[in-house]
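Structure below; questions to follow.
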Amino acid sequence: MAPTDALLFFLRGALVMGCAVAGLFFVRFYRQARDRLFLLFAAAFWALGLNWVVLAFYRVPQETRHYAFVVRLVAFLIILFAIVDKNRERA
C-alpha cells in the first residue's frame with residue numbers, strides 16, 4: 001500500500017465516522033421533536049457514509065466508479081424528499 005493509498009483510506013474512514021456521527025445527531029433530534037425530517041436526514045447521512053465505505057474497501061476501477069456513486073445519488077434524493085415532504089405538510 002502506497003503512502004497516498006493509506007492517507008486516502010484514513011480520510012475516507014474519517015468521512016464515514018463524520019457521516020455516522022451526523023446521523024446519530026439527527027436521530028437524537030428526531031427523538032426530541034418527533035419530526036420525520038430528522039429521521040430522513042439521518043438515513044441520508046448513513047447512506048453517504050455507506051458510499052465512502054464502498055469507495056474505501058472496494059477498489060473500484062476509474063471507468064466503473066459511477067456505480068459506486070449511485071448510493072450518493074440516493075442519499076441526495078432522500079434529502080430532497082425530506083425537504084419537499086416537510087414543506088408539503090405545512091400547506
Side-chain angles (χ1 to χ4, degrees):
M1 181 181 275
T4 20
D5 291 340
L7 180 63
L8 281 175
F9 193 73
F10 174 76
L11 290 175
R12 287 178 179 156
L15 285 169
V16 170
M17 181 202 60
C19 289
V21 168
L24 289 175
F25 272 113
F26 280 116
V27 167
R28 189 181 80 181
F29 296 146
Y30 170 74
R31 284 186 175 175
Q32 292 174 353
R34 293 290 181 206
D35 191 358
R36 187 169 54 173
L37 174 82
F38 296 127
L39 200 59
L40 289 171
F41 267 55
F45 272 100
W46 288 333
L48 287 172
L50 179 66
N51 176 58
W52 290 115
V53 167
V54 167
L55 289 176
F57 284 115
Y58 298 108
R59 298 222 175 245
V60 181
Q62 191 68 24
E63 56 273 352
T64 61
R65 196 172 182 167
H66 62 279
Y67 292 123
F69 289 107
V70 170
V71 178
R72 187 180 288 186
L73 175 66
V74 168
F76 287 124
L77 288 176
I78 290 172
I79 290 173
L80 185 64
F81 172 75
I83 292 171
V84 168
D85 185 51
K86 178 69 176 177
N87 289 327
R88 191 177 44 166
E89 285 180 5
R90 292 181 185 172

> Going hydrophobic residue to hydrophobic residue with side-chain gaps under 4.5 angstrom, can you get from Phe38 over to Ile83?
Replying inline: yes

>> Quick check for you: to the nearest 0.5 Å, what is the distance between Asp85 atom CG and Ile78 atom CD1?
In response: 12.5 Å

> What distance separates Arg36 CZ from Phe81 CZ, expressed to the nearest 0.5 Å?
Replying inline: 5.5 Å

>> Using the rule that Ile, Leu, Val, Met, Phe, Trp and Tyr join whenever any side-chain heavy atoms are under 4.5 Å apart, tell me whether Leu39 and Phe76 fall into a single cluster.
In response: yes

> Is it true that Ile79 and Val70 fall in one hydrophobic cluster, defined by side-chain heavy atoms closer than 4.5 Å?
Replying inline: no

>> Using 0.5 Å steps for rounding, measure from the CG atom of Leu8 to the CZ atom of Arg12.
In response: 5.0 Å

>> In this structure, would Phe9 and Val53 fall into the same cluster of hydrophobic residues linked by side-chain contacts under 4.5 Å?
In response: yes

> Does Phe26 have any ring-ring contact (aromatic ring centres under 6.0 Å, His included) partners at least two apart in sequence or in another chain, and if so, which?
Replying inline: Phe41, Phe45

>> For Phe25, give me all partners under ring-ring contact (aromatic ring centres under 6.0 Å, His included), at least two apart in sequence or on another chain.
In response: none

>> For a side-chain contact (heavy atoms from CB on, under 4.5 Å) check, start with the C-alpha distance between Val54 and Phe69, then their side-chain angles and the critical distance, and finish with the verdict.
In response: CA-CA 9 Å; Val54 167; Phe69 289 107; over 6 Å; no

> What heavy-atom pair brings Ala47 and Ala75 nearest, and what distance separates the two atoms?
Replying inline: CB-CB, 3.8 Å

> What distance do Leu50 atom CG and Arg72 atom CZ have between them, rounded to the nearest 0.5 Å?
Replying inline: 11.5 Å

> What pair of heavy atoms forms the shortest contact from Cys19 to Trp52, and how long is it?
Replying inline: SG-CD1, 4.4 Å

>> To the nearest 0.5 Å, what is the distance between CG on Leu80 and CG on Leu40?
In response: 11.5 Å

> Are Phe57 and Val71 in one and the same hydrophobic cluster, where Ile, Leu, Val, Met, Phe, Trp and Tyr link if side-chain heavy atoms are under 4.5 Å apart?
Replying inline: no

